[in-house]
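These notes are about the structure you will find just below.
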Amino acid sequence: MSTHASAAYMHASAAVCEAVLRLRGPALWEELGRIASDLMQAPHGKFIPSDLTPGGLPPVHSGPVESAAGGLMQDVVRDSQYFGSFHVCGRGSFEEHEKQQFSSLATLTASLLQIHSVAQRSTHAFVQVEAQLAHQTQILDHLHESVVTMDLNGYITSWNKGAERLFGYSAIEAVGRHILFLYEDEDTAFRDNFAEYGGRMMEVRRRKKNGEVFWASLSLSQLCDLEERPIGMIAYLTDITERKQAEERLHHLAYYDALTGLPNRTLLTKLVDQGLSVTLRNQSIAGVLFIDLNRFKVINDTLGRSVGDELLKEVARRFRAVLREQDVVARLTGDEFAVGLFDLGQHFEATTVAQKLQASLIDPILVDGHVLRVGASIGISVFPQDGTDAESLLRQADIAMARAKADAENPDDSVAYYSQDMNQTMLERMRLEHGLRHALGHGELLLHYQPKYAVDTGRIIGAEALVRWRHAERGLVPPAEFIPLAESTGLVVQVGEWVLETACAQAAAWQRAGLRPFRLAVNVSAREFTSMLPGRVKNTLERYELDPAWLELEITESTLMHNIERVITIMDRLTAMGVALSLDDFGTGYSSLSYLKRFPIHTLKIDRSFTTGIPNDSNDCAIASTIINMGRQLKHRVIAEGVETQEQLNFLRESGCDEVQGYLLSRPLDARAFEKLLRENQDADQADGVYV
Ligand code: C2E
Ligand code: MG
Ligand code: MG
């Protein structure tokens with residue numbers, strides 16, 4: 001090939017490359033024809049592509065073919081793929097090296113066209129895949145459902161528009177985070193069994209970006225690679241809050257009374273049956289109260305239904321307000337209500353609740369300017385004695401209610417038990433309670449004073465105030481017969497106030513009379529031991545101008561059991577005032593030593609039951625001496641109560657007990673007798689002491 005010829009070929013091949021890259025269709029063919037005519041220095045040149053080749057596919061020639069008219073034709077072929085043919089004409093014959101160049105040009109063109117077509121085909125495929133993906137994403141994004149994929153460890157790998165709408169997080173915020181961040185509370189069980197949930201449909205609670213928690217239906221299925229190996233999970237979530245709410249509304253319609261919003265009879269039955277099984281498990285007792293309103297029908301008939309409805313709503317509200325959270329109250333029909341009480345200690349606790357319900361109706365109810373007064377008659381049945389299921393207990397309570405209504409002078413405070421025995425005890429208790437209220441208001445209570453002696457000197461160093469009830473018919477009633485009742489009804493608080501008042505008044509009188517100061521102890525029950533107590537004590541001491549050194553409070557061990565920190569705070573406030581504290585009936589409770597040393601106690605009082613066994617019962621002796629030693633260790637004084645014999649006193653003295661109290665030395669005395677004894681004791685003491 002001459003230099004000129006080779007330069008022309010280089011030029012032509014560069015031009016072919018550029019043409020194939022840049023041009024398409026007829027423009028390409030035209031350019032290829034032009035390049036061929038340039039190279040071959042022929043006036044005419046063209047490229048006829050395969051699809052325009054007339055008469056289908058021609059017989060393919062590898063080398064150039066001369067035509068009769070002096071033209072030259074060269075097929076463009078590679079790997080038996082035919083792309084078309086070059087044609088040049090219009091000049092004289094062609095030299096051999098020119099024919100070779102023509103053929104080379106065809107070979108180059110063929111390979112360029114082939115590469116280009118492959119590239120074009122794969123570009124086309126890529127574009128197709130991309131379009132398909134975009135299409136799918138579009139479908140996913142248009143789904144109302146949210147679709148979330150995650151890897152096997154629960155990290156989110158994709159997040160569609162539905163998920164963005166549902167949760168409020170954008171894909172950028174969500175992808176890469178752990179799926180648990182959407183949970184209402186992180187359910188560790190799910191975390192552990194993550195992979196086992198595949199294919200399951202469930203209703204779950206999830207949390208949105210704005211914090212709102214909602215109900216969603218969740219279906220999980222496995223995501224696999226081409227070889228069917230699991231690579232993650234796909235989760236479809238739909239918000240089902242509305243359906244859930246509709247279900248709840250239906251549930252509400254089926255189980256609640258539309259007027260008052262209280263449970264209806266159906267739900268009451270279910271709840272009571274559930275409550276009974278808990279009660280049975282705890283081996284406690286339960287009560288069902290059947291409540292019938294008095295005078296409701298008259299109001300309803302004369303003032304109309306809408307007034308009646310408002311009245312019932314208010315009654316329901318008042319009932320709910322006096323009950324504890326765990327008590328069930330339901331409206332049965334019309335003016336009938338029922339209450340379920342579970343886990344009661346004793347059956348008469350139900351009476352207290354019944355009375356509270358009745359008391360809640362004492363204030364008149366105002367409806368549309370009408371001042372309405374209703375009351376309630378209440379029947380009570382007790383589980384397990386009267387029945388073992390809700391239906392039978394309700395039936396018995398209903399019967400008891402009818403009896404309460406019929407028998408009563410005042411049906412508004414009438415309560416009856418189904419069982420005659422329980423009724424009897426209830427009536428006695430009610431009578432007693434009534435009597436005690438009367439006693440408080442009519443000066444029927446009085447105090448006796450029992451001296452406390454120092455073991456070493458025989459001096460009276462204190463006294464305990466003990467309450468008595470001077471009953472018109474029964475004479476002097478001991479506290480054991482009314483204090484427990486007063487404790488269960490709460491009346492003990494008023495009794496306690498009276499005792500503190502009276503004891504302080506008496507001590508102040510003795511202080512003024514010039515008696516040597518001693519400690520006057522007042523018993524305080526657990527129900528009085530509240531944060532109100534220190535203020536009340538302070539106020540009483542101030543009113544009587546009584547030195548706090550005169551006062552001591554006896555607290556039983558059970559008081560300490562409740563809320564230790566609270567109890568200690570109250571005790572600290574009392575001792576800061578200068579009032580002494582002693583632990584009564586010590587040894588009968590369960591105070592642990594570790595707690596005991598935290599209480600600011602001055603004196604431990606050995607319970608009478610241990611003193612009684614001294615000196616014959618070795619256990620009692622051991623307990624008494626242990627308490628004495630313990631008191632010494634903790635720097636508390638120790639007193640033994642109920643000392644009745646000289647032997648007991650001797651034992652206690654030898655064991656190192658500080659103080660004694662009991663019939664051997666003195667019974668509880670009225671104020672006058674006590675004062676006389678005290679003066680004698682103080683005189684004797686001055687004349688250098690005698691001791692029993
Ligand atoms: P307590 O505080 O342990 O009082 C001691 C009880 O034992 C008193 O009975 C007392 O009379 C009695 N006693 C004293 N020495 C002897 C004795 O040698 N032998 C026998 N057999 N008994 C003796 P009382 O007065 O009947 O009081 C009984 C319980 O009633 C008291 O036990 C106390 O828990 C409670 N109590 C008494 N007065 C009040 C009070 O004003 N308020 C409160 N909350 N409870 C009181
Ligand atoms: Mg006492
Ligand atoms: Mg005692």
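As the structure lists them, so they are numbered: ligands from 1, and atoms in each ligand from 1. Note that the structure is predicted; figures quoted are calculated from it, not measured.
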Does CZ belonging to R566 count more than 12 external heavy atoms closer than 6.0 Å?
yes
Does any N/O atom on I483 come nearer than 3.5 Å to any N/O atom on ligand 1?
no
Are there protein heavy-atom neighbours of atom 3 (O) of ligand 1 below 4.0 Å?
yes
Relative to the heavy atoms of V499, which atoms of ligand 1 are at a distance of less than 4.0 Å?
41 (O)
Could you check atom 32 (O) of ligand 1 against the protein and tell me its nearest heavy-atom contact, residue, atom and distance included?
D584 OD2, 4.8 Å
Does CE belonging to M532 count more than 12 external heavy atoms closer than 6.0 Å?
no
How about CZ on R470, more than 12 heavy atoms from neighbouring residues, nucleotides or ligands closer than 6.0 Å, or not?
no
Report the nearest protein non-hydrogen atom to atom 7 (O) of ligand 1: residue, atom name, distance rounded to 0.1 Å.
R608 NE, 3.9 Å
Please could you name the atoms of ligand 1 that G662 approaches to less than 4.0 Å, counting only its heavy atoms?
15 (N), 18 (O)
Could you check whether any side-chain N or O of Q358 sits under 3.5 Å from a backbone N or O of A376, counting only pairs where one atom can act as donor and the other as acceptor?
yes
Within ligand 1, which atoms have a heavy atom of V643 less than 4.0 Å away?
18 (O)
How does V522 reach ligand 1, by side chain, by backbone, by both or by neither, if only non-hydrogen atoms under 4.0 Å count?
neither
Does some non-hydrogen atom of the protein lie less than 4.0 angstrom from atom 17 (C) of ligand 1?
yes
Option from E464, E641, K452 for which side-chain hydrogen bond (donor to acceptor under 3.5 Å, both in side chains) with Q661 holds
E464
Identify, by atom number and element, the atoms of ligand 1 in contact range of D585, meaning under 4.0 Å from any of its heavy atoms.
3 (O)
Are I378 and V339 close enough that some pair of their side-chain heavy atoms sits under 4.5 Å apart?
no
Is any NZ, NE, NH1 or NH2 atom of the basic residue among R543 and E501 found under 4.0 Å from an Asp or Glu carboxylate oxygen of the other?
yes
From the Mg ion (ligand 3) out to just under 2.8 Å, does an N/O/S atom of D607 turn up?
no
Applying salt bridge (charged side-chain N to carboxylate O under 4.0 Å, His left out), run through R429 and E433 and close with a yes or a no.
CA-CA 6 Å; R429 288 174 61 87; E433 194 194 335; over 6 Å; no
Of the protein's non-hydrogen atoms, which lies at the shortest distance from atom 11 (O) of ligand 1, and what is that distance?
P668 CG, 3.4 Å
Ignoring hydrogens and geometry, is there a side-chain-to-backbone donor-acceptor pair from Q396 to L393 under 3.5 Å?
no
Can you tell me the N, O or S atom of D584 that's nearest the Mg ion (ligand 2)?
OD2
Tell me the contacting part of V495 for ligand 1: side chain, backbone, both, or neither, using a 4.0 Å heavy-atom threshold, strictly below.
neither
Got the closest protein heavy atom to atom 12 (C) of ligand 1, with its distance?
Y663 OH, 4.3 Å
Tell me which protein heavy atom sits closest to atom 36 (N) of ligand 1, plus the residue, atom name and distance to 0.1 Å.
P479 CB, 4.0 Å
Look at atom NZ of K538 and say whether more than 12 heavy atoms of other residues, nucleotides or ligands are closer to it than 6.0 Å.
no
Regarding E314 and R318, does a basic nitrogen lie under 4.0 Å from an acidic carboxylate oxygen?
yes
Among all protein heavy atoms in this structure, tell me which lies nearest to atom 20 (C) of ligand 1, with the distance rounded to 0.1 Å.
E644 OE2, 3.2 Å
Under 4.0 Å, counting heavy atoms only: does R468 come that close to any atom of ligand 1?
yes
Would you call the rings of Y449 and W510 parallel, tilted or perpendicular, taking 30° and 60° as the class edges?
perpendicular
Distance flag, aromatic centroids of F599 and F586, threshold under 6.0 Å:
no
Around atom OH of Y418, are there more than 12 heavy atoms from other residues, nucleotides or ligands closer than 6.0 Å?
no
N681 side chain to G458 main-chain N or O, any donor-acceptor pair under 3.5 Å?
yes
G496 touching ligand 1 at heavy-atom level, < 4.0 angstrom:
no
Under 4.0 Å, heavy atoms only, figure out whether ligand 1 is touched by the backbone of H448, its side chain, both or neither.
neither
Looking only at protein heavy atoms, which one is nearest to atom 6 (C) of ligand 1, and what is the separation?
L466 CD2, 4.8 Å
Vertex the Mg ion (ligand 2), arms to E554 OE1 and N523 OD1, rounded to 10°
90°
Please indicate, with yes or no, if any protein heavy atom is found under 4.0 Å from atom 44 (N) of ligand 1?
yes
Among the heavy atoms of Q661, does any lie under 4.0 Å from an atom of ligand 1?
no
Atom 5 (C) of ligand 1 sits nearest the protein heavy atom E641 OE1, 3.9 Å
Does the shortest distance from the Mg ion (ligand 3) to an N/O/S atom of D585 fall below 2.8 Å?
yes
D670 side-chain N/O to A673 backbone N/O, donor-acceptor pair under 3.5 Å:
yes
Which atom, counting only N, O or S, brings E464 closest to the Mg ion (ligand 2)?
OE2
